[in-house]
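Everything numeric in this text was worked out from a predicted model, so none of it was measured. Each chain gets a letter, A, B and so on, in the order its sequence line appears, and its residues count up from 1.
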Amino acid sequence: MARIKIKEILKGELIDQTVTVKGWVRTFRNNSFIAVNDGSCIHNIQAVVNFETADPETLKRLTPGACIGITGKLIKSLGKGQTVEIVVSDIEIYGDAEADVSKPNSYPLQPKAHSLEYLREIAHLRFRTNVFGAVFRVRHTLAYAVHKFFNDKGFLYLHTPIITSSDAEGAGEMFRVTTLDPKAPPLTENNEVDFKQDFFGKATNLTVSGQLEGELGAMAFSDVYTFGPTFRAENSNTTRHLAEFWMIEPEMAFFDLKDNMALAEEMLKYVITYALENNKDDIEFLSQRLLDEEKNKPQADRSELSLLEKLNFCLGNEFAKITYTEAINILRESNHNKKKKFQYIIDGWGADLQSEHERYLVEKHFKKPVILTDYPKDIKSFYMRMNEDGKTVAAMDILFPGIGEIIGGSQREERLEKLEARMKDMHIPTEEMSWYLDTRRFGSCPHAGFGLGFERLVLFVTGMTNIRDVIAFPRTPNNCEF
RNA sequence: UCCCUCUUAGCUCAGCUGGUUAGAGCACAUGACUGUUAAUCAUGGGGUCCCUGGUUCGAGUCCAGGAGAGGGAGCCA
């Protein structure tokens, strides 16, 4: 008999029919009620077995984590708590899971609450929990929605390289890619590692951004995006940084900064809406989980809005849009600053904003997502377009409550002389980047783009607080398990 | 990389100003019960108190160093 997924069965359309489900036991209660989950949705199906007639040896093996197949008639549930249930006529056990914790290799997930830190240590099994099941279904939906959004708008999905030889992107420390013998690498006359003898005949690294290649694509296809893994060898130990993360980077010809901002806002709202529509149960579960968690906190530390309210609020309001200069003025005039409550007091113009300032703007002042634009040129990258004032560049950062910077983008400098001058100022070798400068030499055009940290988006939509909990196998300094 | 906190049973934690036999809930095992909702009830087993060294008559508790984890900062997405 063909197996049917639990998500389908719970629709209740197959009532009075014989069905087969396959999945993993969550709990086995009262020697009668098996809760089975197959990952198709947050909910379990309840299968009722008659313990008086069933084989006692089989019943003993129905422990949490065991993989089973169940065949039986789907009926309206005789109990409360679920609409339908299966009256078991046959059980097949595909794989046992040792329940006795005194034995080695017993199943580490018990029918009880586990800490996220503990589950992180068994990341290979945490998908089998409600929380991570929900998180990764939402992650999947968001990824799909990103592709759908750009495809429907006529963007081309460009696969930018993972291994690159350019180390001038300036986005962060890079991971070296080499096949040279680490103990005895070939050396040059100057006693330096001779990368001419390396696999590619030159020094290579894992990409820190697909943006520069994305710009090449935009100069031919008009609208492109990349969505792939990105690597940063920064020694960052925070709840919002990974050494390996997934980034979405659209690049659009004939877009200025305003167009760029509008697209970013539209995309964020689109994918959040898509997740709310397609993963309603998962997000409701995650929302409830946060409420339960906050019950233990003092009133003052609880969030004003639930996760669902927060998402809907974000969808229902325009993002605040202000320039860096306006932000500095708001911060300088704030009571918070006057009472010297910031660790870094705002005084002059030109310094980068600290996390506490960004949080103040988003969480206290505007109480919604904020797009900050037109930063001082000295704190931003070489490729950002110089504004008329000669002091600021056409950059934009989108700041989200609880997350901070979720998107960084800009209108790019399309004028060859200005770009070369900037690169010279910032000591970026123009010879190596000649392929990039070719876009400005041959049919240059105004264009813009941005980078969205996918995991940060997943954090926001799931209400999780540690980025290690929204990627399957997190890579962080000193950690590359699984 | 810097600052702060934590590390006690399989898991989540309690353990006071150092005091002799280290506790609870859950999980697990056995039995009972049988329409449960992380079932319930009874009984039972289970500990290198992270590691190393020190102070002390005596250290889970105090001190030093180390390891691991968490939170915050910086770098950013």
Side-chain angles (χ1 to χ4, degrees), chain A residues 25-35 43-52 59-60 63-65 77-82 85 87 98-122 129-130 169-173 208-211 227 229-249 264 296 343-344 352-359 379-381 397-400 403-409 450-460 465-471 476-479:
Chain A
V25 175
R26 284 293 176 80
T27 61
F28 180 38
R29 290 184 296 269
N30 221 355
N31 222 9
S32 305
F33 304 97
I34 317 166
H43 304 292
N44 305 324
I45 185 91
Q46 172 159 290
V48 189
V49 62
N50 185 337
F51 64 88
E52 285 172 330
L59 296 186
K60 259 191 168 172
T63 57
S77 178
L78 302 179
K80 293 169 205 149
Q82 57 281 317
E85 64 192 18
V87 182
E98 176 59 62
D100 189 341
V101 292
S102 69
K103 293 186 177 148
N105 298 321
S106 61
Y107 187 59
L109 292 172
Q110 301 162 10
K112 69 186 288 282
H114 293 291
S115 67
L116 295 174
E117 289 81 12
Y118 173 68
L119 294 171
R120 222 170 278 152
E121 291 170 15
I122 49 168
T129 63
N130 284 332
E169 288 157 7
E173 288 296 310
V208 292
S209 162
Q211 180 202 313
F227 185 172
T230 310
F231 308 88
R232 306 252 169 111
E234 301 286 347
N235 189 12
S236 300
N237 294 287
T238 77
T239 53
R240 55 189 189 285
H241 289 87
L242 291 163
E244 177 182 293
F245 64 101
W246 288 68
M247 188 150 67
I248 295 143
E249 294 174 286
N296 303 322
Q343 201 179 343
Y344 294 88
D352 210 349
L353 299 177
Q354 305 289 322
S355 287
E356 57 176 343
H357 304 137
E358 295 182 350
R359 269 212 309 277
I379 57 173
K380 287 292 178 183
S381 304
D397 282 0
I398 302 189
L399 311 177
F400 261 40
I403 313 282
E405 186 178 345
I406 196 166
I407 280 181
F450 60 84
L452 165 66
F454 184 55
E455 281 76 16
R456 291 187 181 175
L457 173 66
V458 182
L459 275 181
F460 182 71
T465 52
N466 191 317
I467 203 162
R468 298 173 181 99
D469 294 330
V470 298
I471 189 167
T476 52
N478 266 313
N479 174 41

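- With hydrogens and angles ignored, the 3.5 Å screen pairs no side-chain donor or acceptor of A:Glu173 with any backbone N or O of A:Arg232.
- Between A:Lys380 and A:Asp352 there is no salt bridge, since no side-chain N of the basic residue sits under 4.0 Å from a carboxylate O of the acidic one.
- With hydrogens and angles ignored, the 3.5 Å screen pairs no side-chain donor or acceptor of A:Asn30 with any backbone N or O of A:Ser32.
- Stem regions for RNA chain B, each three or more consecutive Watson-Crick or G-U pairs with both distances under 3.5 Å and listed by first number, read B:1-7 with B:67-73, B:10-13 with B:23-26, B:28-32 with B:40-44, B:50-54 with B:62-66.
- Contact annotation: A:Ser355 side-chain N/O to B:G74 OP1/OP2 distance is under 4.0 Å.
- When the nucleotides B:G35, B:U34, B:C76 are ranked by their closest atom to the side chain of A:Val48, B:G35 comes out on top.
- Using a 4.0 Å cut-off, some side-chain N or O of A:Gln354 falls inside it from OP1 or OP2 of B:G74.
- Between B:C50 and B:A9, the distance separating the two P atoms is 8 Å to the nearest Å.
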Check: protein-nucleotides 22-33 of chain B nitrogen or oxygen pairs below 3.5 Å:
residue : atom : partner  : partner atom : Å
B:C28   : O2'  : A:Asp100 : OD1          : 2.5

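- Straight-line distance from the CD atom of A:Glu358 to the P atom of B:G72: 15 Å, rounded to whole Å.
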Give each protein N/O atom lying under 3.5 Å from an N/O atom of nucleotides 69-71 of chain B, with the pair distance.
residue : atom : partner  : partner atom : Å
B:G70   : OP1  : A:Arg120 : NH1          : 2.6
B:G71   : OP1  : A:Asn466 : ND2          : 3.1
B:G71   : OP2  : A:Asn466 : ND2          : 3.3

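- Annotation: B:A29 and B:U37 have their C1' atoms spaced 24 Å apart (nearest Å).
- For A:His357 (side chain) and A:Gln354 (main-chain N/O), a donor-acceptor pair under 3.5 Å exists by modelled atom type.
- Nucleic acid contact class of A:Glu85 (heavy atoms, under 4.0 Å, all strands): base.
- Put simply, CD1 on A:Ile122 is 10 Å from P on B:C11, counting in whole angstrom units.
- As a whole-Å value, the separation of A:Ile471 CD1 from B:A77 C1' is 12 Å.
- Across the C1' atoms, B:C57 and B:C62 are found 16 Å apart, a figure rounded to whole Å.
- Taking CZ of A:Phe231 as the reference point, atom CE of A:Met247 lies at 11.0 Å (rounded to 0.5 Å).
- For A:His241 against B:C76, a side-chain N or O and a base N or O form a donor-acceptor pair under 3.5 Å.
- Look at A:Arg359 and you'll find a side-chain N or O under 4.0 angstrom from OP1 or OP2 of B:A73.
- Residue ring and nucleobase are not stacked for A:Phe33 and B:A39 under a centre distance beneath 5.5 angstrom and an angle between planes beneath 30°.
- In this structure, the ring of A:Phe454 has its center less than 6.0 angstrom from the ring center of A:Phe227.
- Listed for the A:Glu249 side chain is a donor-acceptor partner under 3.5 Å among the backbone atoms of A:Gly210.
- A:Gln343 comes within 4.0 angstrom of no nucleic acid atom, judged by non-hydrogen atoms across all strands.
- Counting non-hydrogen atoms under 4.0 angstrom, A:Ala35 reaches nothing in the nucleic acid.
- A gap of 16 Å separates the C1' atoms of B:U7 and B:U52, to the nearest Å.
- Contact annotation for A:Leu457: no contact, since no heavy-atom pair falls under 4.0 Å across all strands.
- Here A:Phe51 lies in heavy-atom contact (under 4.0 Å) with a base.
- Here A:His114 pairs with A:Tyr118 under the ring-ring contact (aromatic ring centres under 6.0 Å, His included) rule; sequence neighbours left out.
- At a threshold of 4.0 angstrom between heavy atoms, the contacts of A:Glu356 with the nucleic acid are absent.
- Comparing the same atom, P, in B:G31 and in B:G25 gives a spacing of 22 Å after rounding to whole Å.
- The shortest side-chain heavy-atom distance between A:Ile45 and A:Gln82 does not fall under the 4.5 Å cut-off.
- Listed pair A:Ser115 / B:U12 meets the phosphate criterion, a side-chain N or O lying under 4.0 Å from OP1 or OP2.
- Counting non-hydrogen atoms under 4.0 angstrom, A:Ser106 reaches nothing in the nucleic acid.
- Closest contact between the side chain of A:Arg29 and the listed nucleotides B:A38, B:U12, B:G74 involves B:A38.
- B:U1 and B:C76 have their C1' atoms separated by 15 Å, with the value rounded to a whole Å.
- For A:Glu358, the side chain to side chain contact (heavy atoms under 4.5 Å, CB included) partners are A:Leu353, A:Leu399, not counting sequence neighbours.
- Judged as a side chain to side chain contact (heavy atoms under 4.5 Å, CB included), and not counting sequence neighbours, the contacts of A:Asn466 are A:Arg120, A:Thr239, A:Arg468, A:Asp469.
- Distances from the side chain of A:Gln82 to the nucleotides B:A38, B:A73, B:U37 place B:U37 closest.
- Within the 4.0 angstrom heavy-atom criterion, only backbone atoms of the sugar-phosphate kind lie near A:Ile406; the bases stay farther away.
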